[in-house]
Amino acid sequence: MLNVLMLGVGQCGNRILDAVNRQAFGGNSRLSKYYSRQKFPSRVETIAINTAVNDLKELKFTAAKDRLHVPNLHGVGANRNKGKQGFWENREMIMEEVEKRGDFDVAFVITSVSGGTGSSFSPLMIHELKSRYKNMTIVPIAVLPFREEGTIYLQNTAFCLRELMEVDADGMILVDNQYLKRCTGDIASAYDKVNTMVAQRTLFLMESLDSEMLSVTDLGDFKTVMNGGLKMGTMGFYQADRKSPSVRSAIKNSLKEVGLLYPANVEDGEAARAMIVIQGGREYLDVDEITKEIESLSESIGHVFKGIVVKKGAPKVLSVVSLEKVPGVIELYEKAKWAIKEERDKKDRARHELNDAFEHINDLEEVY
Amino acid sequence: MRLIYRAILTALLLALIVQVAWAEEGGTRFDEFSLSTGDRVDIGKFRIEMVDVQSIRDGLVLVRVSRSDGDFDEQRVLLENSANQFAGGAGDGGITVTVIDIFDEESAKLRLEYPENMGTARKRASDLIRPTRALPDLTISKSFENRNINVGDEVKVTVTVKNQGLDTARNIQVSDQPPLSEFVYLAGYPPKIKSQLDPGETDVSVYVISAVKEGPVRIPPIEVRYSDSNDNIKSNNSEPFEVSIAPRKRPKLELRIETPPQLKFGEPGTVNITVSNTGQVSATRVEISSAVRPQEGLDVSGLERTFFEIPAGGKQSYSSEIRGTRSSNYSITLKANYEGADSLAFSEATGSVLVLEREYKYLYYILIVPVAIIALWLYKRYKEYKY
């Protein structure tokens, strides 16, 4: 059995972690925590970390003992420097919370790369985990912001992503709010839907890594996939219905842009490696068909791991893809560059205007 | 025959004519006078004087008849309602005197017949002052100690005889006859009064009777007979009166039993019993017995009691403990046997008590425990997820 650590850092990470806990309760009912038990496929420990206590209070399905408030901070106000300082000052306390939960095989660090706490804590957190747990696979799940959210968020995104790459995590799963907002169309419920999607796929991934399978994929396969290409990847998902239960079309659909958490043209050379996990009733799982489809994918992607889990129901497909190209990220950095410049110019202009104002009283003294 | 009838009618007619003619020539007349001793009536030369009433009982009056010329003077005791001829009687120029009533020892009513030609009779009251004659005068009364009598009550009857006269009453006899059927004469009957009472003296006799029959009773007058010094017998009566005899006084016991309407299985309960005597006399030898139906399933102790006496208007209360050992509706019947007014009587009262089914308290736990577990679980989860 895998020992999984899930860390939700910052407001976005907390909410996705809460969605994972809610899904583990088996439903969307707000009362499920009162009558149900969490059913994780593996031994999963979840910790929600935040500097803002109010964000922690909003969580509904995460046990109180699993909510860690970094003291003496009331949020970092999207200021990554302040966040980093807060992390260093509380590093031992945070790591102690992790360590007392035992050893882990894999850790998912879920965070927004644009916010304050998450974007500043996560790279340092991964660094600390890497230094303390040598054999642990650490995969950040990085949530990219809506592009309209503001210049500071864009700037935070740019620097956070770079730091996440620098800490040498075992790949990174990208989730693009901007793209998902377009898919869901409903801005008001966009966050909830994104959170739920990420939670469902993450649980599916854990189940596929820790199940008896007809065709096996394991943590090593996952690690190999995530280390391919840019070490950035994403997850796709598709669930066939009983009217059109074709497993081949389900595999294809899981790799289409609408099924991915980050927009990528998988069949057009943007994917580096992939892991396809198919789950469904035995009557739907035609191994030959699946093999043919995987072979077909291998021709365009390169290497594709396949896993087959026999479980009642119509076929469900989870695809984990590492990417060779991330044009969206490049575009984001361009915007971030503009945003940083804009911020700096604004600041300079303001300072200049203020200095001009101060000059009016240069030769004067207070008179009483 | 016709001749005989004619002869008789003719003879009668002639006799009538002769009678009328004789009466027109020298007829008699009569007058009645009430006279006291010494009074006289003058008719022509005759003087008729009532000298004395010698005996009322025997109807004897002493009368003196005399002529003013002294030719005739005779004193004779006349018997009541007997005509007495003086000087040849009214038919022969004399006087016929008849005592037709004797009022008392000093007065009587006389009927005087005399020839019509003697003139008119004139009454002359006696010029003498007559000394008042000393006579006895007995009054008698009979009284009941209590006019409100119940059957079985003993009543004291007092007979009082008083001599209110001026002379000694002799040969006094009291007649209280006959005994009344509504009473039993217990003691002192017939009443005994002294045979002689001096003036002003009173004698009292008391006897005791007991009422035996209910209803209105007329108490007849009691009579006293006596004689004066002249052996004149007199009598007097008491006034009659009525009494009403009510039914016999009896005790009446009322039993009241207060039971708890419901009794929990196995738990004790209290039964309160009150015995009240609402009758007029004491109830004695009161024995209270009990019966429980159904017989099994209700343990009862102390329901049965004995009281020697419960006076009229009194009451006795006591309590008893019961305990239900089987669920059912039980009736408790109490019966009080008692004596009073020489008779046996009884009264009953019934109470009921429902013994409930055994209460299995753990049944509540079947509901409470899961609810408590769920509540604890929910609270635990709430605390677990409350930050």
Side-chain angles (χ1 to χ4, degrees), chain A residues 6-11 13-15 17-40 44-71 73-75 93-94 97 101 117 199, chain B residues 258-271 292 294 296-300 321-332 351-387:
Chain A
M6 297 192 79
L7 298 174
V9 189
Q11 186 189 52
N14 291 167
R15 289 184 177 181
L17 188 74
D18 205 45
V20 169
N21 279 317
R22 185 176 65 192
Q23 291 301 315
F25 275 115
N28 292 324
S29 168
R30 293 189 62 179
L31 300 175
S32 59
K33 64 184 177 187
Y34 290 112
Y35 59 79
S36 182
R37 280 183 175 278
Q38 287 184 316
K39 292 173 186 169
F40 285 111
V44 177
E45 293 285 343
T46 61
I47 304 174
I49 301 169
N50 210 320
T51 56
V53 72
N54 286 338
D55 291 341
L56 290 171
K57 283 181 178 175
E58 285 178 5
L59 306 182
K60 305 293 182 193
F61 296 91
T62 304
K65 67 178 178 56
D66 293 335
R67 301 182 211 183
L68 180 61
H69 176 232
V70 180
L73 289 171
H74 301 283
M93 183 269 288
I94 294 168
E97 273 301 314
R101 283 169 167 77
T117 304
Chain B
E258 292 175 6
T259 55
Q262 290 184 342
L263 198 62
K264 289 183 179 176
F265 188 95
E267 289 191 5
T270 303
V271 178
V292 178
E296 301 293 329
L298 187 68
D299 295 340
V300 180
E321 187 175 281
I322 57 174
R323 188 185 298 271
T325 56
R326 186 185 298 167
S327 171
S328 183
N329 196 4
Y330 294 90
S331 70
I332 302 172
S352 64
V353 60
L354 176 65
V355 176
L356 300 175
E357 294 280 353
R358 182 195 291 270
E359 196 170 323
Y360 295 98
K361 290 183 177 173
Y362 64 81
L363 289 173
Y364 293 115
Y365 300 144
I366 292 175
L367 178 66
I368 292 169
V369 168
V371 169
I373 290 171
I374 290 168
L376 281 172
W377 172 262
L378 293 175
Y379 181 71
K380 178 177 169 290
R381 277 297 172 98
Y382 171 77
K383 292 295 288 181
E384 200 173 330
Y385 287 88
K386 175 67 179 173
Y387 184 76

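The figures that follow rest on heavy atoms only: side chains count, while hydrogens, waters and symmetry mates do not. Given the structure is predicted, the values throughout are model-derived calculations rather than measurements. By convention in this document, chain letters (A, B, ...) are assigned in the order of the sequence lines, proteins followed by strands, and residues within each chain are numbered from 1.
Under the side chain to side chain contact (heavy atoms under 4.5 Å, CB included) test applied with B/Tyr387, the options A/Thr62, A/Asp66, A/Leu56 reduce to a single match, A/Leu56.
More than 12 non-hydrogen atoms from other residues, nucleotides or ligands lie less than 6.0 angstrom from OH of A/Tyr35.
Minimum interatomic distance between A/Phe61 and B/Tyr385 (heavy atoms only, all atoms of both residues): O-CE2, 3.0 Å.
Considering CZ of B/Arg381 and CG of A/Leu31, their distance stands at 12.0 Å, rounded to 0.5 Å.
Interface check for chain B: of the options A/Arg67, A/Lys33, A/Lys57, the most heavy-atom pairs under 4.5 Å are formed by A/Arg67.
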